Visitor: 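After the structure tokens below, expect a handful of questions from me.
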Amino acid sequence: MAAGWGLAAAVRRAWRERQAVLLEPSYTPLVAACLCLAESVVNLWVIRRVPYTEIDWKAYMQEVEGFANGTLDYSQLKGDTGPLVYPAGFVYIFLGLYYATGRGTDIRLAQYLFAGLYLLNLLLVFRIYCRTNKVPPYVFFFMCCASYRIHSIFVLRLFNDPVAMAILFLAINLFLEEHWSWGCLLFSLAVSVKMNILLFAPGLLFLLLQRFGLLGCIPKLCICALLQVVLGLPFLLVNPVGYLTRSFDLGRQFQFKWTVNWRFLPEEVFQNRTFHATLLLAHLAGLGLFALHRWHRSKGSVLALLKDPAERKHTSPPLTVNEIVFVLFSSNFLGICCSRSLHYQFYVWYFHTLPYLLWCTPTTKLAHMLKYVLPGRRTMRLLGECSGVRGAGVCSLMLTASRVLLLGVIELCWNTYPSTVCSSLSLHVCHGLVLLQLWYGTAPLMASHPSPPSRRTTAMSKKAQ
């Protein structure tokens, strides 16, 4: 009864301060609760009204059925779409779904289970955003109810990508609570469902070195490796080469007809190994630049991360929530930008991280970013206006509109089927703009200072003065 009165009081207070509810990150828990309720209704409506589309579910069930029938040679596990190409964690999780759905025949039940997974994933994401206190709550509407493609990936296509991402977000929540060993265990479990989680691995390695040093980092890496061995052991004992080459095939060729990001290239260039090597070099270069100039926050050399934190010449302050999230999300985004191919279900790899990537940088830093990107008198005049009291509101509004526009264009690119030259080019332009914002807007990284107070707290302090 008391809880009901408390919720009612919170709703009444939110109505009185409805503008603040949309703009202040401190209201994220309330907005998240409302959106989760709305999403439960939306997902039920989608399941009942929109026809299910068979793409990979039947093949998943055929692949795990072979394991259920006693086949332990990984090279012999296959479905209608081809051989099994995911690690062993995928087999165990989808074997559970295989039995729960009557050997994969009860599609409607599977959709309800994935709707539950969607809500769980959303709760984990919202918990991360509540801790970062960076993104205004109105943005979460675009992250939830407005995305057709994400709902389709979860409840109409039943891909394995959402399963891997949900486990990954659970691992990130554990990292934020300083449970690094458990987080590494779940991170490895997510990798065992689908290898795209490895795009977060460079950022995680950097955080582990920064937090524990080289010797302290080794046990965490052993946890990741040991879980992979344990999960894959039944298959490694029968055909180790077959398991490793199938489940961790980094050189697998993608079909040009499904690409979302490289449609503007000729197919022979898309399949060219030199092009793939160039993308890999660009990815490594981007990771190196971000690690040296955006992730590294200590005054000392980056090589000092190899030492025990207590023995470093320049003591590093404790990792903050925003540092952990920024490093992991930007690491993944760099991999997305340099990906050899993005298929439609891959949108879920970074969709829920986009609001943070776009709103993690202060408005003032984004305004001064124009000085480097668009030098000239008009830009300097705009910066002068932004420094004033009146101009600050206009500048903030312009930057907010540009961020929302970027979200909308990215969503439009992923909703264009089949992909076109225009949609692929637009996607790269949007990714490039986000990268520019991350590069110029986080220099130097916010890590050397404590997380800034929320806008609501600042406003209250000014009012008190």
Side-chain angles (χ1 to χ4, degrees), residues 35-61 79-81 86 90 93-94 97 101 104 106-126 139-169 193-194 196-197 254-255 257-261 263 332 336 339 341-355 406-420 423-424 426-427 430-431:
L35 286 174
C36 285
L37 289 174
E39 278 288 17
S40 62
V41 176
V42 169
N43 276 280
L44 289 176
W45 184 87
V46 170
I47 291 172
R48 296 187 178 187
R49 296 292 182 180
V50 183
Y52 161 79
T53 304
E54 172 56 48
I55 297 181
D56 281 342
W57 173 259
K58 184 179 178 181
Y60 291 165
M61 296 299 101
D80 288 344
T81 58
Y86 307 119
F90 162 86
I93 291 175
F94 276 80
L97 292 172
T101 58
D106 193 343
I107 302 295
R108 181 56 58 89
L109 176 57
Q111 288 182 283
Y112 285 133
L113 291 174
F114 271 79
L117 177 68
Y118 178 94
L119 293 175
L120 175 62
N121 182 79
L122 206 56
L123 287 171
L124 294 170
V125 171
F126 274 133
V139 178
F140 298 129
F141 171 79
F142 303 103
M143 193 184 75
C144 295
C145 305
S147 177
Y148 165 78
R149 179 63 63 186
I150 295 301
H151 288 89
S152 172
I153 291 170
F154 272 86
V155 299
L156 295 180
R157 305 294 191 270
L158 311 181
F159 288 116
N160 64 332
D161 305 75
V163 179
M165 291 306 299
I167 300 173
L168 181 275
F169 286 127
V193 177
K194 194 157 187 177
N196 69 284
I197 305 300
F254 295 100
Q255 295 183 21
K257 67 177 182 178
W258 296 117
T259 187
V260 176
N261 58 331
R263 179 65 62 183
N332 178 63
I336 294 289
S339 177
S341 183
L342 293 174
H343 295 177
Y344 285 96
Q345 65 268 31
F346 297 177
Y347 190 22
V348 78
W349 291 5
Y350 74 122
F351 170 79
H352 293 99
T353 70
L354 284 173
L406 275 175
L407 281 179
V409 174
I410 290 173
E411 178 73 19
L412 182 63
C413 293
W414 283 95
N415 284 334
T416 302
Y417 178 79
S419 61
T420 63
S423 68
S424 294
S426 300
L427 188 62
C430 291
H431 287 173

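Counting begins at 1 with the first residue of the sequence. In this text, all values refer to a predicted model and were calculated from it rather than measured experimentally.
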Visitor: If I compare all heavy atoms of Ala110 with all of Leu158, which pair ends up nearest, and what's the gap?
Guide: CB-CD1, 3.9 Å
Visitor: Would you say Lys257 and Pro418 make side-chain contact, with heavy atoms under 4.5 Å?
Guide: no
Visitor: Go through the structure and list residues passing side chain to side chain contact (heavy atoms under 4.5 Å, CB included) with Phe141, not counting sequence neighbours.
Guide: Cys145, Ala146
Visitor: May I ask you to check whether Tyr118 and Glu39 show a side-chain donor-acceptor distance below 3.5 Å?
Guide: yes
Visitor: Looking at OG of Ser426 and CD1 of Ile410, how far apart are the two atoms once the value is rounded to the nearest 0.5 Å?
Guide: 10.5 Å
Visitor: Can you confirm whether Asn121 sits close enough to Val348 that some side-chain heavy atom of one is under 4.5 Å from a side-chain heavy atom of the other?
Guide: no
Visitor: Just by distance, do the side chain of Gln111 and the backbone of Val155 share a donor-acceptor pair under 3.5 Å?
Guide: yes
Visitor: Kindly compute the distance separating CG (Asn160) from CG (Asn196), expressed to the nearest 0.5 Å.
Guide: 8.5 Å
Visitor: Would you kindly say whether His343 and Gln255 are connected by a side-chain donor-acceptor distance under 3.5 Å?
Guide: no
Visitor: Testing the basics here: between Ser341 and Thr259, what is the closest heavy-atom pair and its distance to 0.1 Å?
Guide: OG-OG1, 3.3 Å
Visitor: Can you list every pair that meets salt bridge (charged side-chain N to carboxylate O under 4.0 Å, His left out) and has a residue in residues 146-167, with sequence neighbours left out?
Guide: Asp161-Lys194
Visitor: Determine whether Phe114 and Leu156 make a side-chain contact, defined as any pair of heavy atoms from C-beta on separated by less than 4.5 Å.
Guide: no
Visitor: Is the closest side-chain heavy-atom distance between Met143 and Ile150 below 4.5 Å?
Guide: no
Visitor: So if I apply the side-chain contact (heavy atoms from CB on, under 4.5 Å) rule between Ile153 and each of Phe159, Trp414, Phe351, Tyr148, which one comes out positive?
Guide: Phe159
Visitor: What residues, two or more places apart in sequence or in another chain, satisfy side chain to side chain contact (heavy atoms under 4.5 Å, CB included) together with Arg48?
Guide: Arg108, Tyr112
Visitor: Between Ser424 and Arg263, do the side chains contain an N or O donor and an N or O acceptor separated by less than 3.5 Å?
Guide: no
Visitor: I'd like to know whether Val193 forms a side chain to side chain contact (heavy atoms under 4.5 Å, CB included) with Ile93, so could you lay out the CA-CA distance, the side-chain angles of the two residues, the decisive distance to 0.1 Å, and finally the verdict.
Guide: CA-CA 8 Å; Val193 177; Ile93 291 175; 3.6 Å; yes
Visitor: Listed by chain and number, what are the salt bridge (Lys or Arg N to Asp or Glu O under 4.0 Å) partners of Asp56, not counting sequence neighbours?
Guide: none
Visitor: First locate atom OG1 of Thr353, then atom CD1 of Ile336, and finally report the distance between them rounded to the nearest 0.5 Å.
Guide: 8.0 Å
Visitor: Measuring only between side-chain heavy atoms, which start at C-beta, is Phe126 closer than 4.5 Å to Cys36?
Guide: yes
Visitor: Excluding sequence neighbours, so at least two apart, what forms ring pair (Phe, Tyr, Trp, His ring centres under 6.0 Å) with Phe90?
Guide: Tyr60, Tyr86, Phe94
Visitor: How long is the span from the NZ atom in Lys58 to the OG1 atom in Thr81, to the nearest 0.5 Å?
Guide: 11.0 Å
Visitor: In Å, rounded to the nearest 0.5 Å, how long is the span from CD1 of Ile197 to CG of Asn332?
Guide: 7.5 Å
Visitor: Under 3.5 Å, is there a donor-acceptor pair between the side chain of Asn43 and the main chain of Ala115?
Guide: no
Visitor: What orientation do His352 and Phe154 show, parallel under 30°, tilted 30 to 60°, or perpendicular over 60°?
Guide: perpendicular
Visitor: Could I get the full list of side chain to side chain donor-acceptor pair (under 3.5 Å) partners for Thr420, not counting sequence neighbours?
Guide: Ser423
Visitor: Hey, what's the ring geometry for Tyr347 with Tyr350, parallel, tilted or perpendicular (30° and 60° as the breaks)?
Guide: perpendicular
Visitor: Could you check if a side-chain atom of Leu97 sits within less than 4.5 angstrom of a side-chain atom of Trp57, using non-hydrogen atoms only?
Guide: yes
Visitor: What is the distance from atom OH of Tyr344 to atom OH of Tyr417, rounded to the nearest 0.5 Å?
Guide: 7.0 Å
